[in-house]
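Okay, so here's the structure we're looking at.
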Amino acid sequence: MAQIINGKLVSAEVREELKAQTQELFEKYGIRPGLAVIIVGDDPASKVYVNNKEKGCAEVGFYSEVYRLPEQTTQEELLALVDKLNKDDKIHGILCQLPLPKHLDENAVILAINPEKDVDAFHPVNVGRIMIGDYSFLPCTPAGVMRLIESTGVDITGKECVVIGRSNIVGKPQAMLLLHKNATVTICHSRTKNLAEVTRRADILVVAIGKADFVTGDMVKQGAIVIDVGMNRKADGKLTGDVDFASVEPKASFITPVPGGVGPMTISMLLTNTMTAAKNAIIK
Ligand code: GUN
């Protein structure tokens with residue numbers, strides 16, 4: 001029987017800490033951390049994420065601006081907005097919700113964001129800083145995963161950690177953050193041979209591949225910590241992760257549920273990065 005890692009609870013703790021820090025920052029310097037979120041077009045999932053980011057800001061006392069731009073927004077208009085926000089002292093963090101409509105160049109937008117305001121940690125400067133272990137911002141989902149692993153009280157040092165998935169947003173930075181905590185890290189992906197053999201070595205298994213219920217009990221070592229980054233919608237409309245909870249839970253020591261595991265952490269980590277950006281702006 002595994003202990004369930006409660007992402008809602010850990011996320012609420014992070015937000016309580018942020019609320020207190022916001023108040024302290026305001027009393028000392030008269031500054032509130034400010035986040036600008038840009039969304040282009042009508043993608044329903046993106047709209048929900050952006051609304052939740054706006055609510056998250058309000059909850060911890062941040063200043064926020066949301067730019068809801070029409071689908072036909074041009075690259076020039078979008079870059080002009082990023083440029084304006086780069087120069088705005090009220091704004092410490094800028095996030096452009098992805099995916100963008102096809103006619104827009106995501107990479108160009110990421111490159112245009114001042115790395116000091118890049119609270120997604122998507123800019124190559126920040127990606128590079130994560131690589132060398134000298135970073136201000138951690139990418140939100142991997143940072144949330146680290147916080148959940150830390151909440152178990154288990155020391156990561158020397159552990160066999162296996163990450164399934166090699167995306168730029170989750171798998172690759174996740175492996176790097178685990179490495180910085182002195183884990184022995186393996187990254188698996190769609191071309192990995194004998195996947196179950198590799199995953200069965202994992203003391204800590206992080207799964208981010210986007211395939212419903214993909215990891216089953218026979219792929220997991222007895223007593224492993226299992227973190228499920230997946231968010232898949234089943235035919236009946238219910239959310240499910242990349243881990244088959246029913247068969248994995250009896251073998252794991254700790255496991256994250258879906259929903260209620262990694263999901264609630266990501267916006268809290270975004271808010272944490274925005275707080276860091278505001279503090280960095282004061283120091284400068
Ligand atoms: N779309 C899905 N996840 C993310 C994220 O973490 N950041 C941004 N900017 N867009 C996303």
Side-chain angles (χ1 to χ4, degrees), residues 7 11 14 34-57 62 64-69 71 73 75 78-79 81-82 85-86 91-102 104-127 130 135-148 165-174 176-177 206-210 227-233 239 241-242 258-259 261-277:
S11 171
V14 173
L35 176 69
V37 178
I38 305 168
I39 175 170
V40 185
D42 292 310
D43 180 67
S46 291
K47 279 184 178 172
V48 173
Y49 292 140
V50 167
N51 289 344
N52 287 340
K53 284 165 186 171
E54 193 174 23
K55 279 187 210 154
C57 282
F62 286 6
S64 75
E65 293 177 359
V66 179
Y67 293 84
R68 293 180 173 85
L69 306 181
E71 178 86 19
T73 300
Q75 184 79 12
L78 185 53
L79 291 177
L81 173 58
V82 170
L85 295 169
N86 278 338
I91 299 300
H92 305 100
I94 303 169
L95 179 146
C96 182
Q97 187 68 29
L98 304 178
L100 287 171
K102 283 199 175 59
L104 296 171
D105 179 350
E106 287 182 358
N107 279 337
V109 176
I110 290 169
L111 277 173
I113 295 173
N114 177 350
E116 289 170 11
K117 297 190 177 190
D118 168 40
V119 283
D120 263 326
F122 288 172
H123 192 290
V125 165
N126 289 321
V127 175
I130 290 158
Y135 41 75
S136 285
F137 306 131
L138 293 178
C140 300
T141 301
V145 169
M146 295 306 286
R147 185 91 186 207
L148 292 179
R166 56 175 160 178
S167 71
N168 288 332
I169 293 183
V170 185
K172 284 185 210 167
Q174 187 69 68
M176 215 41 66
L177 299 191
V206 180
V207 191
I209 40 169
I227 309 287
D228 188 350
V229 183
M231 279 255 264
N232 310 290
R233 192 73 66 183
L239 268 187
D242 293 348
V258 177
V262 176
M265 294 298 296
T266 54
I267 293 180
S268 296
M269 295 297 108
L270 169 71
L271 299 172
T272 300
N273 282 343
T274 307
M275 173 60 79
T276 301

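Ligands are counted one by one from 1 in listed order, and the atoms in each one are counted from 1 as well. Note that the coordinates shown come from a computational prediction; the quantities given were computed from them, not determined experimentally.
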Margin query: With a 4.5 Å cut-off on side-chain heavy atoms, are H92 and L35 touching?
Written below: no

Write out each pair where an N or O from ligand 1 and one from the protein are under 3.5 Å apart, with the distance.
{"from": "ligand 1", "atom 1": "1 (N)", "to": "Q97", "atom 2": "NE2", "distance (Å)": "3.2"}
{"from": "ligand 1", "atom 1": "1 (N)", "to": "L98", "atom 2": "O", "distance (Å)": "2.8"}
{"from": "ligand 1", "atom 1": "7 (N)", "to": "D120", "atom 2": "OD1", "distance (Å)": "3.0"}
{"from": "ligand 1", "atom 1": "7 (N)", "to": "D120", "atom 2": "OD2", "distance (Å)": "3.4"}
{"from": "ligand 1", "atom 1": "9 (N)", "to": "C96", "atom 2": "O", "distance (Å)": "2.9"}
{"from": "ligand 1", "atom 1": "9 (N)", "to": "D120", "atom 2": "OD2", "distance (Å)": "2.6"}
{"from": "ligand 1", "atom 1": "10 (N)", "to": "L98", "atom 2": "N", "distance (Å)": "3.0"}

Next item on the list: Examine the side chains of T276 and S136 and answer whether a donor and an acceptor come within less than 3.5 Å of each other.
Entry: no

Margin query: I'd like to know if the side chain of K53 pairs up with that of Q97 as donor and acceptor (distance under 3.5 Å, no hydrogens or angles considered).
Written below: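 Per modelled atom types, K53 and Q97 side chains form a pair under 3.5 Å.
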
Next item on the list: Output the distance between atom CG (L78) and atom CG (L104), rounded to the nearest 0.5 Å.
Entry: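 Answer for the CG-CG pair, L78 versus L104, is 6.0 Å.
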
Check: Roughly how far apart are I94 CD1 and H123 NE2, rounded to 0.5 Å?
Finding: 11.0 Å

Checklist line | Pairing of R68 and E54 as salt bridge, 4.0 angstrom limit | finding: yes

